[in-house]
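Working notes, beginning with the structure itself.
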Amino acid sequence: MIVLTAENLSKAYGVQSLFKEVSFGIADTEKVGLIGVNGAGKSTLIRILTGIEAQDSGKVTYSRDARIEYLSQNPLLDDNLSALDAVLGDGPQAFQIVRAYEEACRALELDATGSMALVERVTSLGEEMDRVNGWTLESDAKTTLTKLGIEDCTALVGAMSGGQKKRVALARALMRPSDLLILDEPTNHLDVTTVAWLENYLAQRQSGLLLITHDRYFLDRVTNVILEIDNGQVHRHSGNYSAFLESRANREASLAQQEQKRSQLAKRELEWLRRGPKARTTKSKSRIDRAHELLNTSYARDEQRVEIDTLESRLGKKIIEIEGVSKAFDGKTVLRDLTYFATRRDRIGIIGPNGAGKSTLLNIIAGRVQPDSGSVEIGATVVIGYYDQESMQLDESMRVHDYITEIAHRIPTSDGFLTATQMLELFLFDRDRQWTYIAKLSGGEKRRLYLLRILMSQPNVLLLDEPTNDLDVETLSVLEDYLDSFEGVVLVVSHDRYFLDRTVEHMLSFEPDSSVVEFPGNYTLWAERQKEREGLARDEQRARAAMPATVTKAVSVPAKTMQGAKLSFNEQREFETLDRRVAQIEARLEAINEAMIASADDFEAVAPLHEEKLTLERELEASLERWMALGERV
């Protein structure tokens with residue numbers, strides 16, 4: 001069943017046209033991902049589809065009795081309601097009965113008089129719960145809230161943080177029966193574990209789905225249709241995100257072919273025009289018009305890309321040295337005895353549940369928060385660029401270009417310089433957009449501009465706190481390319497699994513006991529190890545449950561022995577150092593091989609290289625053996 005049909009929709013703000021005469025439909029069996037650069041009009045299109053905002057022309061048609069549920073980026077909830085009441089409020093009759101039953105139970109708990117009226121009301125509502133299957137509905141609502149990180153279902157919405165409110169609103173949207181569920185950036189404010197749960201939930205949900213998200217793994221595993229807003233048009237691609245990339249590549253290849261043919265034909269027509277007035281008879285007017293049309297038409301896609309090869313401020317030997325750092329807030333420990341020494345080109349991903357202390361760690365490194373114990377030393381040559389969620393205060397009266405040149409007009413590269421204009425183009429601000437006032441930018445465009453301003457300061461240490469929130473996939477690709485050539489240190493807090501896999505080489509995992517465990521590898525390797533650990537824990541629990549009590553007691557391992565099986569502090573540091581040293585040796589061996597090939601005729605040059613190669617190969621073998629031995633214990 002087609003739930004929604006859009007016909008010839010157009011929308012513009014002043015002279016800026018977002019999209020023009022776009023048409024598409026969404027069926028109740030389709031899971032649709034809506035993508036496009038920030039400012040392309042994704043959220044505006046969704047607001048038009050839901051009737052919140054009016055289109056300039058065209059119409060939106062819904063199937064009869066279609067149920068549509070919408071989660072905006074900034075949902076509004078009643079601050080006086082509990083989390084559970086916010087999920088169940090204003091819903092179908094069954095929701096109302098569950099909510100009334102919960103309220104009656106709370107009133108009965110607080111009643112000191114033993115009111116029979118309250119007892120009878122609870123009993124009566126209990127019968128109604130049986131009739132509408134309310135017990136299952138209540139359980140599902142509480143489970144959904146818990147899965148989304150809301151442990152206390154009775155907590156008042158007004159006492160919650162912005163991220164918690166968004167999760168309550170998400171639970172509300174998921175619980176409501178609908179033929180089409182529309183979600184605008186649902187993964188923002190969720191940790192990686194919760195994103196994985198939501199991904200699995202939506203993949204199994206049997207109804208239509210339309211969502212905006214920057215999470216490329218999410219798009220790949222949930223959607224079966226991609227709608228792409230590009231240059232004012234909406235292109236429909238069947239399949240998931242991977243299929244979309246292939247489809248877009250084919251489309252662009254076709255456009256490139258058309259552009260080549262147009263260019264060749266235009267060249268011939270231009271030569272004909274230049275032959276002089278003799279060729280321009282009234283009979284040739286149509287050919288003249290066609291020649292001008294060919295010259296003024298282009299099928300080329302404007303990628304707005306320039307090469308990135310910037311030079312950062314040089315780092316000294318001492319970069320960031322964190323030793324034995326702990327931090328607590330209101331008696332709750334969020335960071336316990338962390339030790340970390342940064343080395344050049346470190347790529348560290350920081351993960352853990354919301355509220356675990358990830359942002360606190362970045363604030364301690366940046367000097368905004370002081371640790372309760374331990375020490376943090378920053379090298380004299382370190383220049384920190386900190387992209388956080390709170391400090392984005394842009395002067396909206398400034399133009400985009402001026403906001404960037406206030407920091408720098410150009411930055412050095414290995415081949416010379418990149419100007420502010422070129423960097424703005426790289427980050428998808430075309431020449432016209434660069435002279436727009438910041439007040440006219442979308443939320444995502446403002447975040448993109450704020451990120452670029454930080455990069456223009458030429459930091460050699462980047463602290464990125466949820467950089468993927470509200471950034472489109474095109475901008476994320478640009479940022480990933482930038483980090484590829486970045487020679488400094490990167491520490492990134494993110495729930496975007498694709499971004500972590502693409503950019504980091506080590507993980508710092510915040511554990512339930514407030515300790516932080518370093519894991520060599522990207523997110524996918526860490527997640528696989530977590531599954532292995534959880535599987536082993538479940539197997540051990542089942543085995544213990546099946547044993548008689550006397551046997552369980554006999555085979556239990558003393559706590560000291562179990563702790564002794566882990567790496568000591570020095571061994572942990574050795575393990576981390578070996579991992580980096582192996583990579584350095586392999587890189588050096590590759591360089592030696594290239595040098596030996598280049599100097600094959602020069603024995604005096606090759607001999608020392610050959611000796612160095614033999615020495616490094618012996619060191620590599622010994623290092624790998626020791627690394628594997630320590631890795632087994634990890």
Task: Residues forming a side chain to side chain contact (heavy atoms under 4.5 Å, CB included) with L18, sequence neighbours excluded - done: K11, Y13, Q16, T44
Task: salt bridge (Lys or Arg N to Asp or Glu O under 4.0 Å) partners for D140, two or more places apart - done: none
Task: Residue pair Y403 / I438, side-chain heavy-atom distance below 4.5 Å - done: yes
Task: Shortest non-hydrogen separation from N188 to H214 and the atoms involved - done: OD1-CE1, 3.3 Å
Task: Sole candidate of D184, I212, L183, I46 that passes side-chain contact (heavy atoms from CB on, under 4.5 Å) when paired with Q73 - done: D184
TODO: Verify, without hydrogens or angle tests, whether R172 (side chain) and L84 (backbone) share a donor-acceptor contact under 3.5 angstrom.
DONE: no
Open item on the list: Could you check whether E396 pairs with K440 (Lys NZ or Arg NE/NH1/NH2 to Asp/Glu carboxylate O, under 4.0 Å)?
Closed with: no
Open item on the list: Would you say the rings of F429 and W435 are close, in the sense that their centroids are separated by under 6.0 Å?
Closed with: no
- [ ] Could you list the residues that satisfy salt bridge (Lys or Arg N to Asp or Glu O under 4.0 Å) with R433, not counting sequence neighbours?
- [x] E445
- [ ] Taking side chain to side chain contact (heavy atoms under 4.5 Å, CB included) as the test, write out the residues that go with S57, two or more places apart.
- [x] S10
Open item on the list: Just checking E480: does its CD atom have more than 12 heavy atoms from other residues, nucleotides or ligands closer to it than 6.0 angstrom?
Closed with: yes
- [ ] Please step through salt bridge (Lys or Arg N to Asp or Glu O under 4.0 Å) for the pair D191 and K358, ending with a clear verdict.
- [x] CA-CA 11 Å; D191 57 51; K358 305 183 296 294; over 6 Å; no
Task: Steps toward salt bridge (Lys or Arg N to Asp or Glu O under 4.0 Å) verdict (R502, D496) - done: CA-CA 10 Å; R502 176 72 172 75; D496 189 319; over 6 Å; no
Task: Heavy-atom closest contact (L219 atom, I35 atom, distance) - done: CD1-CG2, 3.9 Å
Task: All ring pair (Phe, Tyr, Trp, His ring centres under 6.0 Å) counterparts of Y70, not counting sequence neighbours - done: none
Task: Side-chain donor-acceptor contact under 3.5 Å, R176 with S178 - done: no
Task: Residues in salt bridge (Lys or Arg N to Asp or Glu O under 4.0 Å) contact with R167, at least two apart in sequence or another chain - done: none
TODO: List for me each residue that meets side-chain hydrogen bond (donor to acceptor under 3.5 Å, both in side chains) alongside H495, sequence neighbours excluded, and say none if there are none.
DONE: E466
Task: All ring pair (Phe, Tyr, Trp, His ring centres under 6.0 Å) counterparts of F499, not counting sequence neighbours - done: none
- [ ] With sequence neighbours left out, write down each residue that passes salt bridge (Lys or Arg N to Asp or Glu O under 4.0 Å) with R64, or none if nothing qualifies.
- [x] none
TODO: Consider only side-chain N and O atoms of Y437 and D395, and report whether a donor and an acceptor are under 3.5 Å apart.
DONE: no
Open item on the list: Go through it in stages, so that I can follow the logic: the residues are D472 and R447, the test is salt bridge (Lys or Arg N to Asp or Glu O under 4.0 Å), and I'd like the CA-CA distance, side-chain angles, deciding distance and then a yes or no.
Closed with: CA-CA 10 Å; D472 55 77; R447 290 196 176 277; over 6 Å; no
Open item on the list: Under a 3.5 Å threshold, yes or no: a donor from one side chain and an acceptor from the other, between S442 and N38?
Closed with: no
TODO: Go through the structure and list residues passing side chain to side chain contact (heavy atoms under 4.5 Å, CB included) with A40, not counting sequence neighbours.
DONE: V37, I229
Open item on the list: My understanding is that only residues two or more places apart in sequence, or in another chain, count here; which of them pass ring pair (Phe, Tyr, Trp, His ring centres under 6.0 Å) with Y498?
Closed with: Y217
TODO: Check ring pair (Phe, Tyr, Trp, His ring centres under 6.0 Å) between Y241 and all other residues, then give those that pass, not counting sequence neighbours.
DONE: F244
